[in-house]
Amino acid sequence: MTIFDPGVEEEVISDTEEEIEEPPMYQVLLHNDDYTTMEFVVYVLMRVFNRSTETAVQIMLNVHEQGIGVCGVYTYEVAETKIATVHTLAKENGFPLRCTMEEDRP
């Protein structure tokens, strides 16, 4: 039987070394369409993605000119929530704005 002696310090050595991986990140993308107004896209970027007016306008122009624009990079759950919010806002305002995500590759 071992008796605990608080005056004796024991060194604990762990055989396992846990590696904590960063969660995968996802780009949230807005897609151009022929119906959604540029003003609404800027509004969505400012409200949902917390972009400044200047940044929102630049992303909106990318969507308009390139057909697609990156709104931000988030964890899967956050990206999923932002996409759902965009789709809800678009539907409530009568726009077919599409928003998707793809894994961010470093």
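Values reported hereafter were calculated over all heavy atoms of this structure, with side chains retained and with hydrogens, waters and symmetry mates removed.
No side-chain heavy atom of F95 sits less than 4.5 Å from a side-chain heavy atom of V41. Taking the side chain as every heavy atom from C-beta outward, T36 and V44 never approach each other to under 4.5 Å. Side-chain contact between M101 and L29: absent, with no pair of heavy atoms (C-beta onward) separated by less than 4.5 Å. Within the 4.5 Å cutoff, side-chain heavy atoms of E92 are placed close to those of T88. Between L97 and V86 there is a side-chain heavy-atom pair separated by less than 4.5 Å.
Closest approach of I83 and C99 over heavy atoms only: CG2-O, 3.5 Å. Summarising the geometry of T75 relative to P23, their closest heavy-atom pair is CG2-CG, 4.1 Å, with the distance given to 0.1 Å.
Taken to the nearest 0.5 Å, the CD atom of E54 stands 11.5 Å off from the CD1 atom of I59. In this structure, the separation between NZ on K82 and NE2 on H87 is 14.0 Å, given to the nearest 0.5 Å. To the nearest 0.5 Å, atom CG of residue L45 and atom SG of residue C71 are 5.0 Å apart. With rounding to the nearest 0.5 Å, the separation of CE in M60 from OG1 in T37 is 9.5 Å.
Between F49 and Y74, the two ring planes are tilted [angle within 30° to 60°].
No single ILVMFWY cluster, assembled from side-chain heavy atoms under 4.5 Å apart, contains both V78 and M25. A continuous path of Ile, Leu, Val, Met, Phe, Trp and Tyr side chains, each step under 4.5 Å between heavy atoms, connects M38 with V42, placing both in one hydrophobic cluster. V73 and Y26 are not part of a single hydrophobic cluster, where members link through side-chain heavy atoms under 4.5 Å apart. Taking hydrophobic clusters as Ile, Leu, Val, Met, Phe, Trp and Tyr residues chained together by side-chain heavy-atom distances below 4.5 Å, L61 shares a cluster with M46. Note on V28: it clusters hydrophobically with Y76, by side-chain heavy-atom contacts below 4.5 Å among ILVMFWY residues.
No more than 12 heavy-atom neighbours from other residues, nucleotides or ligands sit within 6.0 angstrom of NE2 on H64.
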